[in-house]
Protein chains: 2
Amino acid sequence: MRTAALELFAERGFHGTGIRDLAQRAGLSTATLYHYMGTKEDLLAEIMRDSMRLLLLAAGQTGTFGTPTERIARLTQIHVLAHAARPLHTRVADDEIRALSAPVRAEITALRDEYEDFWQSAIDDGVTSGEFRVAAPTVARLALLEMCSGVARWYRPDGPLTASELAARYVEMALGLLTVDGAAPALDPGAADDMNELVSELWPL
Amino acid sequence: MRTAALELFAERGFHGTGIRDLAQRAGLSTATLYHYMGTKEDLLAEIMRDSMRLLLLAAGQTGTFGTPTERIARLTQIHVLAHAARPLHTRVADDEIRALSAPVRAEITALRDEYEDFWQSAIDDGVTSGEFRVAAPTVARLALLEMCSGVARWYRPDGPLTASELAARYVEMALGLLTVDGAAPALDPGAADDMNELVSELWPL
DNA sequence: CGCACCCGATCGATCGGTCGATCGGGTACC
DNA sequence: GGTACCCGATCGACCGATCGATCGGGTGCG
């Protein structure tokens, strides 16, 4: 039943999944479903709690020692491996927060914030120590997490890369992202302004 | 009415938004709503079509000339600026593809694939020319796009960064990500294996 | 009049969730 | 051994509410 909910929530979204869909996938009647579970939201909340708690546990065991470079490398590897190993869990956890009622959402958000703190402090420490050169550390955290979480949306185990290889590539990219060579801007200010102008034409305020 | 649909789809998702929600937000009755629009799905499809077409148009004007570095810089800037300027459009376009029926989904997916080709060919050209050093170009494209699209989920115009500043930071990070210094692995193979072991304990197959 | 605009009322279908009833396998007492 | 009792598991039927969508009938302006 948990499996059915996981698959359907990931595939169609929480609001796109009816309890009759759940019952059919589990091979039960809707009444029997309610013998085992609470509400539909409870089902979603459990999935998200489990997902976040495991990630937080792993981050706590690997994100607190060593150099900032090592910490980011380990956090990235864990995050990518987890998203590759459990794409359904992580996709639901990343996409369906808005479907939760306010109290549960607050609980899950608190877990997520705690997890992201591991990343932020590793980035900040790296900037302080000079290992990282990045102009906006908070933006870097958001960009990194978004990029790593995306794995769950497209990774397939039968593709050209194993999960370990994929994680290694992400570690390389994450560290490259954090050690920006700011010597020469890629676009001169004039070209950048041209882009701004094009955008304000296409997407007028 | 378009505005109402845009706001509500972005806020609650397609399946989480009812016709009566749309009518109330637009200050109309549900019947009047149907005087102007087709089905609810048509509304979603229009939002996604507009969003993708503009992005594709912008990419066509900026992603085809210059060095790979310049092309990626311009694509990144356009993408980030668009997502910062129209977060609702882009969030809906990124998150609600699965809510579309098969034919419309195929159409939107084709547009998206065409757009992503601008990115992929710029990355591939840069790898060929030696400007970029990245072990898995396809993965790099996915990572870059996911990271840039994330902007729509959290950027607020009244925050510490203007949209132009944000785009400049993203250009730096994107180019850093694509020019990985592969000299020394951040984690020795033993440490990487420890991570793999931890993950297989926490997320058993 | 004709047409664009707008509405209350209502449609059949489906929603999340509950109801009372039934079934089969213990288990405790005589 | 028989039997009276209990209980978790399961079901079809059904609840009120809401879903997306439609209807016929207004208005008011050209």
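Note: hydrogens, waters and symmetry copies are ignored here, and every other heavy atom, side chains too, is used.
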Next item on the list: In whole angstrom, give the distance that lies between atom CG of L33(A) and atom C1' of dG17(C).
Entry: 11 Å
Item checked: R49(B) with E107(B): basic N within carboxylate O range, under 4.0 Å -> yes
Next item on the list: May I ask you to say whether D124(A) pairs ionically with R141(A), meaning some side-chain N is under 4.0 Å from a carboxylate O?
Entry: no
Next item on the list: For F14(B) and dC19(D), give me the distance from atom CZ to atom P, rounded to whole Å.
Entry: 13 Å
Next item on the list: Any chance you could list the contact pattern along nucleotides 9-15 of chain D? Use B for base contacts, S for sugar-phosphate-only contacts and - for none, protein heavy atoms under 4.0 Å, 5' to 3'.
Entry: BBBBB--
Note to self: Rounding to an integer number of Å, can you tell me how far L44(A) CG sits from dG16(C) P?
What the structure shows: 13 Å
Next item on the list: Let me know the distance between NZ of K40(A) and C1' of dG16(C), rounded to the nearest Å.
Entry: 8 Å
Note to self: Check for me whether R74(B) meets the cation-pi criterion with F65(B), that is, NZ or CZ under 6.0 Å from the six-membered ring centre and within 45 degrees of the ring axis.
What the structure shows: yes
Notebook entry, point to check: How many Å lie between CD1 on I19(B) and P on dC23(D), as a whole number?
Noted result: 16 Å
Note to self: Around atom CZ of R2(A), are there more than 12 heavy atoms from other residues, nucleotides or ligands closer than 6.0 Å?
What the structure shows: no
Margin query: Can you see if the side chain of Y34(B) gets near the phosphate of dT22(D) - specifically, an N or O under 4.0 Å from OP1 or OP2?
Written below: no
Check: What about W119(A) and H79(A), are their ring centers closer than 6.0 Å?
Finding: yes
Next item on the list: Take atom CD of Q24(B) and atom P of dC19(D), then tell me their distance rounded to the nearest Å.
Entry: 11 Å
Checklist line | Expected output: side-chain R71(A) to main-chain T64(A) donor-acceptor under 3.5 Å | finding: no
Item checked: Five-pair end axes of the helix from dC1(C)-dG30(D) to dC30(C)-dG1(D) and the angle they enclose, rounded to 10° -> 10°
Note to self: Walk me through whether S149(B) and E146(A) qualify under side-chain hydrogen bond (donor to acceptor under 3.5 Å, both in side chains).
What the structure shows: CA-CA 8 Å; S149(B) 297; E146(A) 208 74 51; over 6 Å; no
Check: Got a salt bridge between R153(A) and D95(A), using NZ or NE/NH1/NH2 to carboxylate O under 4.0 Å?
Finding: yes
